[in-house]
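Have a look at the structure below, then the notes.
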Amino acid sequence: MVEHKIPMEELLAQLNSNITTGLTTETYLKKLEELGPNELTPPANKSELLKFLGCICGGFSLLLWGGGILCFIAYIIQFVREGEDATEDNLWLGVCLVAVVLITGIFTYYQEAKSARIMNAFKNMIPQRALVTRDGVANEVDCVYLVVGDIVFVKAGDRVPADIRIVSSKGLKVDNASLTGESEPQSRTSEFTNDNPLESKNLAFFSTNVVEGDAVGIVVRTGDGTVMGRIAFLASGLEKDKSPIAKELEMFIHKITIFAVTVGILFFIISLCLGYFWLNAVIFLIGIIVANVPEGLLCTVTVCLTLAAKRMAARNCLVKNLEAVETLGSTSTICSDKTGTLTQNRMTVSHMWFNNVICESDLSDDQSNETYDREDVGWQSLMIVSMLCSRAEFKPGQDKTGILKRECTGDASESALLRFGELAHGHVASFRAENEKVSEIPFNSNNKFQVSIHASSHPVGDSFYHLVMKGAPERIVERCSTILIDGKAIPLTDMWHKAFSDAYEELGGLGERVLGFCDLHLPISKFPEGFAFDTENINFPVKDLRFVGLISLIDPPRPNVPLAVMKCRHAGIRVVMVTGDHPSTAKAIARIVGIISPENETPEDVAQRLKISVSQVQEKDAKAGVVSGSRLKDMSSEDLDMIIDCHPELVFARTSPQQKLVIVEGFQRKGLIVAVTGDGVNDSPALKQADIGIAMGIMGSDVSKQAAGMVLLDDNFASIIIGVEEGRRIFDNLKKSIAYTLASNIPELIPFLLYIVIGIPLMLGTVTILFIDLGTDIFPAIAFAYEVAETDIMERKPRDPRRDNLVTVKLLRIAYGLVGVFETIGGFFAVTLFLAQNGFFIHDLVNIRKNWEDETINDLKDSYGQEWTYSQRKTLELACYTVFFLAIVITQWSDWIISKTMRNSLLHLGMHSNWTGVIAISIMILISALICYTPGLNRGLHIIPVPWESWLYAVPFALLIFVYDEIRKFFVRKYPEGFLSRETVY
Amino acid sequence: MPNEEKKSFREKMSNCGHFCYNSETGEVLGRTANSWLKIVVFYLFYYGALAGFFAVCMTVFFTTLDSQGPTQRNMQSLLKQNPGMGFRPFTDVTKTVIKFNAKNPTEYEEYVKNLNDSIRIYTSSAGDNVVDCSGSNTGSNKGDSEVCGFPVSLLGDRCTPDNGFGYPEGKPCVLLKINKVYGWKPQTFDNETEDLPDALVGRLDPDYVGVTCEGESDADKDNTRNITFYPDKGFPAVYYPYLNQPGYLAPVVMAQFDVAPGRLLMFWCRAWARNIKHHRVDLQGSVRFEIMVDY
């Protein structure tokens, strides 16, 4: 960028512009066409069709598509071979499978579209307008229609409409916080001061705020070409890694798919070896795949996440991407911006030094905590000087707002002084009116002070005018010869110099910005009323003044942040500060909010204590560390890794947007899941890089909100804790839900295997399996989303994404090997019972498959010598499906109840913790009854009415599962480190 | 790039090997021997207990079963008291066709053998509890444990092993039977006023379950010269109900088909009683087969 370096005339010539008349309409229109509108290109969106295709091909869909297509092929082959007589079972199964894929796909698409709509709400910002001179006429136009070369006028309260070079300014100050993270407003003039455009005084940047003064400028960059546009581009250029839950699900889908296909192919080969016709073997393959795939699971996950997202939105955490709901739960590191996130982004008076005493400011509304004497002359003088030295004013219409929360015009320090004056002294405006300002030298970087002269309403001695000065303490003290102590001006001796520097150092050490104040009551003899003060050729004293005191300012932390940081630590989450602000300020705030705990020292602290140089301190001896951006610049990634490893408590200060990114990547390299909080444009690349970016809803810039995955609507850092808790809870609940859902896969699979291997009639049909997965199992599975959190949820360490997966071998072993087998035996028992009562003993059924399935055999003997026609046998088979189905429903009931808790006894927790769940399992029974006894509906799902007793066959097993699990949980609680805890708690 | 992949593959294999056997900790597949022992014992115990519970449940349940007849009987049974029918010879499952050339004994000897086997239980020596139910003895006075004997003479003299069940002369006999359904007792028709097919006219008897066979299509009917039944009136009702008596003999009927040669004819045979419903596809109360005779 060179626009700030070249002389103005050259620039104007280049841009075809003119300072007074601006662009001509002709050039303007030409440029607008050439350069396009002044707005950031929004990130490219995937087309809706692609999104939809993604939904119906993702997850298990491909497997089910495969199954469906095989079904159609099987039907076509049968049709060709047998003509009209071909059974339509395969056709229906194929239609069912395709319907399942489409329905779940449409559901997922609908959910995603819904959350996308929420996100789009952010994009509709209110259009901004700017005052532009074109053809010599000033007009307000939408900022979008600015082009390079436009002459614009900006004033306090505006947002800078594009990158502009200042042509002329009147005390212009801009707040670059959203760009650089510096909370200090910076003055802007027409002079070129630095090669670095960010540092040069003659540039103001797109989307920063004008806090004071006004200026005329020429637009030099627009839209994506602006500095902010480039940072936003840096953010959008980052390829977003998949969210942890998405990775978990993907891994899970892989595992299940591999398992399903392996078992399927294995039995395909076995059935071929057993001499089955290949078409039948293919049909078995489909059956095994259908049994193994938890069709309803992805819907369940989506619904669970949606419910959690809603719950969080109700508590002011807005989740933009559904999957981000869980991410906070697995977060192990939070990299937090300081200004506006941890702090209020509002300078506030925190300490004062007068009468050689440092006292804390009283910020209570009723001024009840005063630590100083209000009648004290020293305090009163300091207040008078500070009130008169501040040019800030309250914005109108805030009479009802608490004083500390009122918005002001003017820079942050002066606003702080104004607020404090209003609070402690009161009626600042009328006091200023009484002490009319007659002359002023504004602050400039050369003399580093600001002085003003007022007609005094409180003359001291023989004086009419009161001169007040504020500025950098060391500069102020240089200009003083006396100091106000206990109401008297006494000579500023070396002793007082020492006292001053001690106080200055102490306040500075707190990370506070310190201002010095001095005054002088001008003797009336030399300066009578109406004296003409000349600020160019100073004709009044600016030396030998009376030192009044120091006031230190800080951007205080938000009140609930320290508690939130403590809770994070409890939950095993490391909170790291990453800020653009100065190291000392950053460290001070870190200490206050607990990011650096009181007992820990930084290497600098150690050096100071041991009186050695910092370089002699071993990094690892200091638990805490403050690393500045300049040091970071020279570090290799190994060095950064080392820093991250050896300081558990870390603060990064003076960092650039690029460095924030590097820091986040550093943590991610360690396999940690990183959350980043921030509000400024400068945070947005890091927000994007993070596993979850958290933006501030009120103060945050639009770019940061766009880059983030989550927005805290109340700007409250403490809401993150809610997010963590919800995230962990949803992860636990998803685990429970998956364990519950997977358990029924085994009783769905085993009947097939028995049918193929030992040739007994099929006990559970494929369509019925689909109905279990999508009909009866799905409501209880979703109801797990409402399950209360385990009691220890916020005391655990964050999960290790490499080991503590959503679906572990252990979970599969428990769901398949323990509960699933239990359910299978229960179902098998129920069907055995039912068959025996109808005349077939199980041992007589072994290897009966061939005859059983033979349509020409119309008189198959049972164990009592009765003879069954083919259709009677098929009816019996459907009855078996029904009985097995009911057995699964009954045992899944029990499974749901035991899955509610991992450790706690259910007798202790009770059922009332999750009424939704109770309703869901009741609905499950109702649906089963409805399906079983509604004519027409039941036939379609291969279910027929069965005597009511058959509902009870699996009850002993359901009860036993419950008893077993209570015993198991008892031992798990009794021996938290024991075998059962290790092997049977997922 | 290929280099990297190779490395990562090698790493994977080495990780895998490490997983299979970790020499540092002595872990095999991620577990130490001790850990393996514990988990195996746990699962053995778990499955053992489960199997035990299953066995107990089965034992308890089987004591509730009646050794004589199924628990679900009468209308509770899925057989719904509506028996199907069977036919012989039935030599090849999946095929219900009887197809032979009368001039070629090898083509029908299997059918004859199958029929012979089917009626052997009627000719073999009768058990102690078999009583004679023929003639005036209607069997109403027979004891619960007694069953009626079924003399093969009832099957007439045209369909006997001696004349090869009519196969050598191209007039094949087909044995028809009603499926055994526990406790089923036919409610026979006692007069001819009912809406019955012509084929039954004159053959109805209250002591018999009537029987008919007909060609399925008009062509099948046209090519059927004659069908004769032995016993002509059908299945004697005296043999019912079936109560799983030892040595129980289900009554059978021989149907002799005199059909046009060289055509595949489809037949639907039905048993007739008030409580038999017919269904052509489900084969309720009926049976279907095809006959093709050449000579």
Side-chain angles (χ1 to χ4, degrees), chain A residues 809 813 817-818 821-822 824-826 828-830 832-842 850-851 853-880 944 946-947 949 953-954 956-957 960-961 964 968 979-980 982-984, chain B residues 30 35 38-39 42-43 46-47 49-51 53-54 56-58 60-62 64-73 76-80 82-87 90 92-97 177-184 242 244-245 248 250 279 281-289:
Chain A
V809 174
R813 208 180 62 214
L818 297 181
V821 169
F822 222 122
T824 311
I825 302 278
F828 188 70
F829 174 71
T832 309
L833 228 72
F834 185 79
L835 281 171
Q837 290 186 333
N838 273 287
F840 284 99
F841 295 155
I842 194 73
K850 207 167 179 190
N851 288 345
E853 300 283 335
D854 191 339
E855 281 180 65
T856 62
I857 297 180
N858 212 35
D859 51 354
L860 190 74
K861 269 200 178 57
D862 71 12
S863 308
Y864 289 103
Q866 303 188 99
E867 287 161 330
W868 296 68
T869 65
Y870 175 74
S871 74
Q872 283 166 335
R873 295 196 299 272
K874 281 290 156 182
T875 310
L876 179 62
E877 193 176 311
L878 289 189
C880 288
I944 59 166
V946 289
E949 311 93 81
Y953 296 156
F957 287 85
L960 191 67
I961 295 181
Y964 152 76
R968 182 187 68 82
F979 171 79
L980 284 175
R982 270 182 285 115
E983 301 290 353
T984 65
Chain B
S35 167
K38 275 184 183 164
I39 195 96
F42 172 76
Y43 271 81
Y46 182 90
Y47 290 142
L50 195 53
F53 186 73
F54 179 72
V56 169
C57 284
M58 287 297 260
V60 170
F61 164 68
F62 268 88
T64 70
L65 288 181
D66 184 352
S67 62
Q68 195 63 38
T71 317
Q72 303 290 0
R73 53 182 78 161
Q76 259 77 54
S77 166
L78 288 169
L79 293 168
K80 294 287 177 221
N82 196 28
M85 290 177 76
F87 76 96
F90 185 52
D92 178 19
V93 288
T94 76
K95 286 204 187 83
T96 53
V97 64
K177 54 197 268 295
I178 296 180
N179 282 359
K180 288 188 280 185
V181 171
Y182 189 88
W184 181 73
Y242 166 67
N244 201 13
Q245 306 93 328
Y248 175 83
H279 192 283
V281 179
D282 285 357
L283 297 185
Q284 291 174 28
S286 55
V287 70
R288 288 158 78 185
F289 50 87

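Throughout, protein chains are lettered first and strands after them, A, B, ... in sequence-line order, and every chain is numbered starting at 1.
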*Tell me, do A:Pro947 and B:Gln76 make a side-chain contact under 4.5 Å, heavy atoms counted?*
no
*Relative to each other, are the rings of B:Phe54 and A:Phe828 parallel, tilted or perpendicular (30° and 60° limits)?*
tilted
*Yes or no on side chain to side chain contact (heavy atoms under 4.5 Å, CB included) for B:Leu283 and A:Tyr870, after CA distance, side-chain angles and deciding distance?*
CA-CA 8 Å; B:Leu283 297 185; A:Tyr870 175 74; over 6 Å; no
*Side chain from CB out, backbone as N, CA, C, O: work out which of these in B:Tyr248 comes under 4.5 Å of a heavy atom of chain A, or both, or neither.*
neither
_For B:Asn179 versus A:Trp868, what's the shortest heavy-atom pair and its separation?_
ND2-C, 4.0 Å
*Go through the atoms of B:Lys177 and report whether side chain, backbone, both or neither lie under 4.5 Å from a heavy atom of chain A.*
side chain
*Looking at the rings of A:Tyr953 and B:Phe61, which for Trp means the six-membered one, are their centres under 6.0 Å apart?*
no
_Cationic N near anionic O, under 4.0 Å, A:Glu983 to B:Lys38_ = no
*Side chain, backbone, both or neither: which part of A:Phe829 has an atom under 4.5 Å from a heavy atom of chain B?*
both
*So, does A:Gln866 use its side chain to make a donor-acceptor pair with the main chain of B:Val181 at under 3.5 Å?*
no
*At a heavy-atom separation under 4.5 Å, does B:Tyr43 approach chain A through its side chain, its backbone, both, or neither?*
side chain
*asked:* Nearest 0.5 angstrom please: A:Phe822 CZ to B:Phe53 CZ, how far?
replied: 7.0 Å
*Would you mind checking which part of A:Tyr964 comes under 4.5 Å of any heavy atom in chain B, side chain (CB onward), backbone (N, CA, C, O), both or neither?*
side chain
*Does A:Asn838 reach the main-chain N or O of B:Gln72 with its side chain, forming a donor-acceptor pair under 3.5 Å?*
no
*Roughly how far, to the nearest 0.5 Å, is CG of B:Leu65 from OH of A:Tyr864?*
5.0 Å
_Part of A:Arg873 within contact of chain B (heavy atom distance under 4.5 Å)_ = neither
*Ignoring hydrogens and geometry, is there a side-chain-to-backbone donor-acceptor pair from A:Asn858 to B:Met85 under 3.5 Å?*
yes
*chain B heavy atoms under 4.5 Å from A:Glu949: which part of the residue, side chain, backbone, both or neither?*
side chain
*Side-chain contact test, heavy atoms from C-beta onward, threshold under 4.5 Å: evaluate it for B:Lys80 versus A:Thr875 and give yes or no.*
no
*Highest number of heavy-atom pairs under 4.5 Å with chain A: which of B:Asp66, B:Leu50, B:Asn82?*
B:Leu50
*Which region of B:Tyr182, side chain (C-beta onward) or backbone (N, CA, C, O), has a non-hydrogen atom less than 4.5 Å from a non-hydrogen atom of chain A, or is it both or neither?*
both
*Select one option (side chain, backbone, both, neither) describing which atoms of B:Ser67 are under 4.5 Å from chain A's heavy atoms.*
backbone
*Rounded to the nearest 0.5 Å, what separation is found between the CD atom of A:Gln872 and the CG atom of B:Asp282?*
9.0 Å
*For the student: nearest non-hydrogen atoms of B:Tyr46 and A:Leu818, plus distance*: OH-O, 2.7 Å
*Do B:Tyr47 and A:Ile825 have side-chain heavy atoms sitting under 4.5 Å apart?*
no
*Can you label the angle between the B:Phe62 ring and the A:Phe841 ring as parallel, tilted or perpendicular, going by 30° and 60°?*
perpendicular
